[in-house]
Amino acid sequence: MTDIPSDASAAAPSTGEEGAAPRARAGTLAGDGREAVAGARSGSLPGAADPAADRAAERRRARRSRRYRRDVKWSPYALIAPFFLFFIAFGLFPLLYTGWASLHRVELGSPTDMEWVGLRNFSRLMEDDFFWNALRNTFTIGLISTVPQLLMALGLAHLLHYRLRGSMFFRVAILTPYATSVAAATLVFVLMFSRTDHGMINWALGLVGIDAVDWQNGDWTAQFAVSSIVIWRWTGYNALIYLAAMQAIPNDLYESAALDGASRWQQFRHVTIPSLRPTILFTCVVSTIGATQLFGEPLLFNQGASPTGGSDHQFQTLGLYLYEQGWFNQHLGRSSAIAWTMFLILVLIGLLNWAISRWIRRSS
Amino acid sequence: MRYRTRTSRKAVVLAAVAALAGGLLAGCAEDSGGDEPGGSSGGGGGGKGKTTLTVGVFGAFGLQEAGLYKEYEKLNPDISIKQNSVQRNENYWPALLTHLSSGSGLSDVQAVEVGNIAELTGTHSGKLMDLGKVSGVDKNAYLDWKWQQGTTDDGKTVGLGTDIGPTGICYRKDLFKKAGLPTDREEVGKLWAGDWNKYLEAGKRYKEKAPEGTAFVDGATGVMAAVHASGKEKFYDKDGELVYKDSPGVKEGWDLAAEFAEAGLTAKLQQFQPSWDQAFSNGSFATVTCPPWMLGYIKDKAGDKGEDQWEVAAAPKPGNWGGSFLTVPEAGKNKEEAAKLVAWLTAPKQQAKLFDKRASFPSASAAYDLPEVKDAKNPYFGDAPVGKIFAKAAEGVPVQPIGPKDGIIQQYLADTGMLGVDQKGTSPDKAWDKAVKTIDNALDQ
């Protein structure tokens, strides 16, 4: 009980400072402007004797203040404009154009040659076994990667929340997988999950007397292997998010819980978890989005980077199927329809998240 | 003072915006830079200025590595050549397709792999120059089938052949000896001459006394591809109809490869994967179908340990595996000069040089009598007369109709079909149905 409060209270002021700093800065900025106006007004005072000069000064003053007002009014837009320009060019336009392309028969060989097919690209997905297979795989891989990942992250964050010797080192260490490239990590995992006796995991299994597993060719083993890459890469990242949220939980809650005789575990369940609820929801949403778009890991897990996701399509995700249709089979229209379906699935998940978070807020 | 900080802050923001916008423009400009190959010097026709020709290739194509660009620049002081290389053809080809249809981003010369040439002649021939009429290009100097592959139905030759890949069989002498098979390349060739079934028989003989931990071939997918390449007909018939489901040649290859898998003669490997590479250095299989360009690959992967262990013999039936073409897009600024360059690069003499330096086997049969090819020996492969072996194979390669989706069909037949038979023990019939379903889905627009 002694560790947590001291750590939390040490952290609390620092977050307070962080929060206050922007406000203070905003204050000086506003003050800055006011003084500048005052300076301009006082500068015109000496010319009051001459009416013409006065009028000119008046006009100048009006112009300046108009310019200033315009500045205040419009420059924020100018400042955020670059983001929106980029967003329109690289976000909105591709999104809309993909939607347009999904209503056509478009082939990669001649992308300008479009033939209207209405919703056929979507309706054919309904009876496309490969699409359903990919959707199922995306779901199962998402489940077996997200759930253990978030549980482990929660546990790790809890451990890191204790005052540890070299806590900085551990915090940096758990973030390192996140900093590695997908390609490099996946290629190492491919070697580890190798079918032959050279594979590190099969070697370790052999030590405890389990026969070598053909990881890539089994349905579940392949999905487990792909998930393990995701888990390895993202657990530390989520742990840090949880840790930050934990440090913001007021100390008094733990103190009063302790006074009521709550054990460590009870404190974790009844104080930490409820306070983390919004954070947990956030990580769930982010991980779900990540899982829906899973692409690099399953692509590279197939040796030779073939987009089929194994000889049985056993680990072909939606992202991979989209890529296969568009860039391998060269059907851009069909591929666009898959992309839009993925987008709609994500919108659905977003709505679900919104509903759940409202329900949580109400019930608490 | 304050005012100045404000302006300077503004200036910083402006500068940042400008930098971002500049980056955006530069980003776009970079791509369009290819639009006008040698843009700055493109007007070189006017006099002294040099013309820069760009050549778009994939992988380690070899023209630059063999010093052919330098030689051409020496012969033509007004020309300088720049190469744009993309590592993998899977990335190079889709980009080339979009560039061709938009008419921008093209190099003056574009290389095309044989797996894509039918799609090119079928759908994009209008955007490419007819190279058959360029002076110095002699149709009779080339193998007829290679010339036909680069020519459209109405006789426009849009691609001139560079190299081809006539196949032989590379085998390990030491493993053959231990298994009680002959080791001399002539005798080994006779072991299976003319019939893939004899190759299977040799495999079964090998298995009886196989050295521990070795298999007869690398994998079933490799065998299937080799048999398919050697048939009279593959996935399309001569009218361009897709017939792979009923083609006897395709069935023969499928069945034979499945028999290899079911008889346990394969090392269950997929070609060009890390585990395949490792197997070369571990010596875990005894034979592999090999075109000339693979000899260098084997030497690389097998290393010093494999020195003098590998040999090349004739294949049961030779086929063609790989090879490329050079094309000149109409949209290029310097297409006359580019065509001259292509004619020179694909002439028999230069092809022989390319073989000497890079083991890319000439598609110009006239090169087979040149000393670089005729007398070529490969020291790593026990001084095998590779020039003669592969020239003989090249003349035996069947004239096989090729189609626009050959590459996709072949890959799916292997990846979603035969690979399952080989690695997971799926029944061949079930695997065939699965592969056909995947191919049908892939070809349906």
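Bear in mind that the values here come from a model prediction, so they are computed numbers and not experimental data. Hydrogens, waters and symmetry mates play no part in the numbers below; they use all other heavy atoms, side chains included. In what follows, chains are A, B, ... by sequence order, proteins preceding strands, each numbered from 1.
To the nearest 0.5 Å, atoms CD (B/Q423) and CD (A/Q216) are separated by 7.0 Å. Atom CD in B/Q411 sits 5.0 Å away from atom OG in A/S306 (nearest 0.5 Å). B/S101 OG to A/E107 CD: the interatomic distance, rounded to the nearest 0.5 Å, is 12.0 Å. Considering CD of B/Q273 and CG of A/N302, their distance stands at 7.5 Å, rounded to 0.5 Å. Going from atom NZ of B/K424 over to atom CG of A/N217 covers 5.5 Å, rounded to the nearest 0.5 Å. Rounded to the nearest 0.5 Å, atoms NZ (B/K434) and NE2 (A/H313) are 7.5 Å apart.
Using a 4.5 Å cut-off on side-chain heavy atoms (C-beta onward), A/T112 and B/S102 make no contact. With contacts defined as side-chain heavy-atom distances shorter than 4.5 Å, the pair B/Y412/A/F328 qualifies.
Crowding of A/W116 atom CH2: a count of heavy atoms from other residues, nucleotides or ligands under 6.0 Å exceeding 12. Within a 6.0 Å radius of CZ in B/F58, other residues, nucleotides and ligands contribute more than 12 heavy atoms.
The part of A/Q325 that comes within reach of chain B is its side chain, from C-beta onward, which places non-hydrogen atoms under 4.5 angstrom from that chain. Both the backbone and the side chain of B/T438 come within less than 4.5 Å of a heavy atom in chain A. Contact of B/K405 with chain A is made through the side chain alone, with heavy-atom distances under 4.5 Å. Contact of B/L96 with chain A is not made at all, since no heavy-atom distance falls under 4.5 Å. Using a 4.5 Å cut-off between heavy atoms, B/Q271 does not touch chain A at all. There is no contact between A/D113 and chain B, counting heavy-atom distances below 4.5 Å. Only the side chain of A/D214 has a heavy atom closer than 4.5 Å to any heavy atom of chain B.
At a cut-off of 3.5 Å, with distance as the only test, no side-chain donor of A/R124 or B/N441 sits close to an acceptor on the other residue.
Of the listed residues (B/L120, B/L100, B/T416), the one with the most heavy-atom contacts under 4.5 Å to chain A is B/T416. Chosen from B/N91, B/L419, B/T426, B/I408, the residue pairing most often with chain A at heavy-atom distances under 4.5 Å is B/I408. The candidate from B/E119, B/M418, B/Q270 with the greatest count of non-hydrogen atom pairs under 4.5 Å with chain A is B/E119.
Of all heavy-atom pairs spanning A/R120 and B/D444, the tightest one is NH2-OD2, 4.3 Å.
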